[in-house]
Amino acid sequence: MSKFYITTPIYYVNAKPHLGGAYTTLAADVLARWHRMKGENTFFLTGTDEHGEKIAKVAKEKKITPRQLCDQNAAKYEQVWDTLKISYNKFIRTTDPVHEKMVAKVFQHLIDKKLIYKGIYQGLYCVGCERYYTAKELVDGKCSIHQKKAITLSEECYFFKLSKFQNRLLKLIKNNKWVIEPEERRNEVLGFLRTEKLEDLAFSREKVEWGIAVPGDSSQTIYVWIDALLNYLSGIGWKGQEGKWPLNWPPEIQLIGKDILRFHAIIWPGVLLSLGAPLPKKLYAHGFFTIGGKKMSKSLGNVLDPEELAMTFGADALRWLMLSAFPFGQDGDISQSKFYDKYNTDLSNGLGNLLRRVLTLALKNKKKFLPPKKVDTNFKKQIGLVWQKYERSLNQLKFETAIASINDLVSFCDKYIDSKQPWRLFKKDIAEYQIVLYNLLEGLRHLAWLTQPFMPEKSNQIFQSLGILGQEKKNPLAKGQVWGKTEFKEIILGEILFPKL
RNA sequence: CGCGGGGUAGAGCAAUGGCAGCUCGCCAGGCCCAUAACCUGGAGGUUGUAGGUUCGAAUCCUACCCCCGCAACCA
């Protein structure tokens, strides 16, 4: 059986979950559910990044310990992911002692391999911000927040020999051994590697208390790069021993937002190469969205909260709305009013209304609906086309076209009803009515399968209405995709699937 | 020349070399099974501008105009 390991970035726990992070996580969840549905051995990892100065600072402001802050916010993440029905297999926290121990071990290992060495870090430091800036970030040598001149400061720290990997990385990307998608993002990384010289990277800092201590040097703390990135290995049980890679390694897909492309496209494989680890199969950086044409920001007050949206539309519908709003991989725009629009069009008037139509028509007759002798080849063919488009879309992470293929089937069924007029057949030709309704029930059964990764609960509700929830959930997808073999013995009208908003 | 995305019907978007499509809205009709839902037809476009390549361009090339994201809290 083939395996499927997928990761999201780990989110920084200085605040509660953000709609952007929810977007990434949701996309990963749909893929995880899709691959599970296909019967693959699937592992879905997400989690939180919990070390660093900023955490310590926020904790101090709130008069709690960093540990308490992390516990609170990590719990918040788990709760929101629960609301959104995120089916992760493991929630990794970088403050987990197992993770911390592994990171320290790897750090030491890289010192032993002479890939981490001690040096002097010199940079422009803003006392107000308590952080370093690059010359480019400063305006007139001043930090934009404090309007104060940054001073040149140097400190001892440990460096990672990233420079050593520049040519290898370039070659790996060119030869598609290190796959970055979509293409624009790949070009961006290639351009960077061609024109900029990679410098060795400071892998530790002085004076940061909230972090993992450098082995044998308690004055130094391991910096975010290696600490955060190694979650992808510690999360599946790696103990830090080179060569002994976990069974799930490497990931089939690592999903990230485009903001962290460089860390994941350059530093991360650099670390893996230094460890001799196989590289992930694919790195996919999705786009960002604006809200109502403006970037989401606290000061503009247009921030959408994932929990509130789930309250308004329901978690299942929200998943659908987020992923159908614009092409995955590109930038796009969302808004509440667009969501209302699409909810009513796709879900209430489309899928939900179709379900109700068919169920009511089926309930006219108290008989069971058994597979007819004559197969409707036209209907069957349509289902085949829908699955084809759907699978191709999901394999390319085109969620919006996968969703479009579902809408295609809904529309096909609506047209089919209109042309066959089963309410008339019921009075005139009961045998034909029986066949038409059977086809429609089969159509709905396929719709339940198709919507499963996107809207697991609504999908189950459809199965339930068809009286086949238990049996279908036991079936693998391959069996579920077969046309015209299922018997419908008990139809249940049930609740309205998507009440109009 | 910091990096990147975009400009297509009233609005929002799709279409990467081959008849310019979808959703909402608008107009006319059909149906009466359904959540005032569904189906059919129609109006609405010189695809930001100018030039070029091509049998053929929204799509490729050149120049220009305009909008936006990242670079700095934030995916």
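Remember, predicted model here, so these are calculated numbers, not experimental data. Reminder, nothing fancy here: chain letters follow the sequence lines and each chain counts from 1.
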The ring pair (Phe, Tyr, Trp, His ring centres under 6.0 Å) partners of A:Y390 (sequence neighbours excluded) come to A:W34, A:W387
Taken in chain and number order and not counting sequence neighbours, the residues that satisfy side-chain hydrogen bond (donor to acceptor under 3.5 Å, both in side chains) with A:Q421 are A:R424
Across all chains, not counting sequence neighbours, the side-chain hydrogen bond (donor to acceptor under 3.5 Å, both in side chains) partners of A:D200 are A:Y117, A:S163
Q. Under 3.5 Å, is there a donor-acceptor pair linking the side chains of A:Y11 and A:T25?
A. yes
| task | Quote, to the nearest angstrom, the P distance that separates B:rG12 from B:rA57. | result | 28 Å
If we take the C1' atom in both B:rA71 and B:rG7, what is their distance in whole Å? 24 Å
Rounded to whole Å, the CD1-P distance (A:I403 to B:rC13) equals 17 Å
Practice prompt. Answer with base, sugar-phosphate or nothing: what part of the nucleic acid does A:K54 contact at a heavy-atom distance below 4.0 Å?
Written response: sugar-phosphate
Test side chain to side chain contact (heavy atoms under 4.5 Å, CB included), reference A:K398, set A:S405, A:S393, A:P327, output is A:S393
Would you tabulate the pairs of protein nitrogen or oxygen atoms and nucleotide nitrogen or oxygen atoms of nucleotides 4-9 of chain B closer than 3.5 angstrom?
residue : atom : partner : partner atom : Å
B:rG4   : O2'  : A:R185  : NH2          : 2.8

Whole-Å distance, A:I334 CD1 to B:rC68 C1', equals 16 Å
*So what does A:G20 touch, heavy atoms closer than 4.0 Å: a base, only the sugar-phosphate, or nothing?*
base
In whole angstroms, the gap separating C1' of B:rC13 from CG of A:D341 amounts to 12 Å
ask   = Which part of the nucleic acid, if any, lies within contact of A:F192, taking any heavy atom under 4.0 Å across all strands shown: a base, the sugar-phosphate backbone alone, or nothing?
value = nothing
To the nearest angstrom, the CZ-C1' distance between A:F339 and B:rG12 comes to 13 Å
Rounded to whole Å, CG of A:D305 lies from C1' of B:rA75 at a distance of 15 Å
- Message: Regarding A:D346, tell me which of base, sugar-phosphate or nothing describes its non-hydrogen contacts under 4.0 Å with the strands shown.
- Response: nothing
The side-chain hydrogen bond (donor to acceptor under 3.5 Å, both in side chains) partners of A:S465 (sequence neighbours excluded) come to none
Whole-Å distance, A:I260 CD1 to B:rA71 P, equals 12 Å
Can you tell me, in whole Å, how much space there is between the P of B:rU47 and that of B:rG21?
14 Å
- For B:rC74, does OP1 or OP2 lie under 4.0 Å from any side-chain N or O of A:K16? no
Note to self: Under 4.0 Å, counting only non-hydrogen atoms across every strand here, what does A:F288 touch: a base, just sugar-phosphate, or nothing?
What the structure shows: base
Ranking A:G257 and A:K342 by the position along RNA chain B of their nearest nucleotide, the one closer to 5' is A:K342
Residue set satisfying side-chain hydrogen bond (donor to acceptor under 3.5 Å, both in side chains) with A:N231, at least two apart, ordered chain then number -> none
request  = Identify whether any heavy atom of A:P327 sits under 4.0 Å from a base atom; if not, whether one sits that close to sugar-phosphate; answer base, sugar-phosphate or nothing.
outcome  = sugar-phosphate
Practice item. Please indicate whether A:Q79 has more than 12 foreign heavy atoms, meaning atoms of other residues, nucleotides or ligands, lying under 6.0 Å from its CD. Key: yes
Once base and sugar-phosphate atoms are separated, protein heavy atoms under 4.0 Å mark nucleotides 31-38 of chain B, 5' to 3', with B, S and - as SSBBB-SB
key: B:rC13 and B:rA20, which share atom name C1', separated by this distance in whole Å   = 14 Å
Practice item. Assess whether atom CD of A:E199 is packed by more than 12 heavy atoms of other residues, nucleotides or ligands within 6.0 Å. Key: no
Applying ring pair (Phe, Tyr, Trp, His ring centres under 6.0 Å) to A:F379 and not counting sequence neighbours gives A:F412, A:Y416, A:W483
- Roughly how far apart, to the nearest Å, are B:rC26 and B:rG17 at atom P? 37 Å
If one requires at least 3 consecutive Watson-Crick or G-U pairs with distances under 3.5 Å, the stems of RNA chain B turn out to be B:2-7 with B:65-70, B:10-13 with B:21-24, B:26-30 with B:38-42, B:48-52 with B:60-64
Could you work out the separation of B:rG2 and B:rG56 based on their C1' atoms and round it to a whole Å?
-> 39 Å
By salt bridge (charged side-chain N to carboxylate O under 4.0 Å, His left out), A:R357 pairs with (sequence neighbours left out) A:D414, A:D418
The salt bridge (charged side-chain N to carboxylate O under 4.0 Å, His left out) partners of A:K338 (sequence neighbours excluded) come to A:D333
* To do: Provide the distance between the two C1' atoms, one in B:rG41 and one in B:rC31, to the nearest whole Å.
  => 15 Å
Side chain to side chain contact (heavy atoms under 4.5 Å, CB included) filter on A:A228, not counting sequence neighbours, yields A:I10, A:D49, A:V224
Rounded to whole Å, CG of A:N407 lies from C1' of B:rC39 at a distance of 17 Å
A:K338 atom NZ is separated from B:rC22 atom C1', nearest whole Å, by 15 Å
query = Between B:rC33 and B:rC39, how far is it from one C1' atom to the other, in whole Å?
reply = 13 Å
